[in-house]
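One structure is given below, encoded as structure tokens.
Each ligand, and each atom within it, is numbered from 1 in the order the structure gives.
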Amino acid sequence: MSLACTIHGALDLRLDQETPPALGPHDVLLRLGAGGICGSDLHYYKEGRVGAFVVREPLVPGHEASGVVDAVGAEVTRVTPGQKVAINPSHPCGRCDYCRAGRGNLCRHMFFLGSASVFPHAQGMFRERFVMGEAQLTPITEPHVTLGEIACAEPLSIGLHAIQRAGPVLGETVLVTGGGTIGCMSVMAARLAGAAHVIACDINDRALEMARAVGADRTIRSDRAGAAELADLAEVSIEAAGSPAALGTCLTATRRGGRIVQVGTLPPEVAFPANSLMARELDYRGAFRAHLEFDWAVQAIRTRRVDVRPLISAQLPLARAQDAFDLALDRTRSTKVQVVCD
Ligand SMILES: [Zn+2]
Ligand SMILES: [Zn+2]
């Protein structure tokens, strides 16, 4: 039997027992290494939904996970038992027009683990043991790289995709609003891409400390800064806070001709100064999940070109998932909380 953390509805998180399915020829049985609790997992827990995606049957959350190979199907060649692996939660169909155009994150038939966007839901990885196709797995052979770090590949891929969407940032100033996990990942991605100067904004001092710890050159309490202080700071702004006020900061801070990338989820209706985009020739771009960036993230983590360790604020056993979720909800204490098995 295997333990699974399951959300049955708003504030109804249970630990269920289940039996992992039998292995097909290209399947791999994994033991959970570490599983990061993401903002979307917290929304499922707190509200039983993320925007339009409503929990309609018990949902195992978790899409940021690493694992250890327990057993392999008869034809598996990518991994062997005992190996640590990074797990890509994204399953684009590979056949639709978007997939064929190289934009798998926009797939029409996406199956993304730990998500209620489809029904039956795509069950996630906050479970002791689970089965994954070998194509989703990358073995990590560096002995010193931890399962906690490997589990950060997915959120790092989101930061990398946000910067990818911004276009070349070499030599530029990049402003990131939001010093949570995705904001910090965006700070690191901007540095990796050659930004000359990275500024982070937040309304929480702990978040700003985190942003500094991962390489922000300057931090600003955006709730205390006036418009003059924020004006014309950056060629590129990354909105990773998911708040209208932070979007306002991006609009003020982005120089004429610059780019704004929205990676955070904003409320459904936001007052938007469209004329400011027009008159200042700003480009406004969305960034949704990631595609090739997942493999880039794995590579950056296994070489420690990007060091995600400062972001892992706590690790709790899967059996204490409820405590882990409650801790993750507290931004004054938490950046990335992970559930772990051992
Ligand atoms: Zn996530
Ligand atoms: Zn597709």
Does Y98 have R103 sitting over its ring (NZ/CZ under 6.0 Å from centre, angle to axis within 45°)? no
Strictly distance-based, threshold 3.5 Å: is any side-chain N or O of R14 a donor or acceptor partner for the main-chain N or O of D16? no
Any N, O or S atom of H109 closer than 2.8 Å to the Zn ion (ligand 2): no
Using the ring of each side chain (for Trp, its six-membered ring), is F112 parallel, tilted or perpendicular to H63, with breaks at 30° and 60°? tilted
Quick check for you: with the Zn ion (ligand 1) as the vertex, what angle do SG of C38 and NE2 of H63 span, to 10°? 110°
Given atoms SG of C99 and SG of C96, what angle do they subtend at the Zn ion (ligand 2), to the nearest 10 degrees? 110°
When rounded to the nearest 0.5 angstrom, what distance separates CG in L113 from CD in E64? 12.0 Å
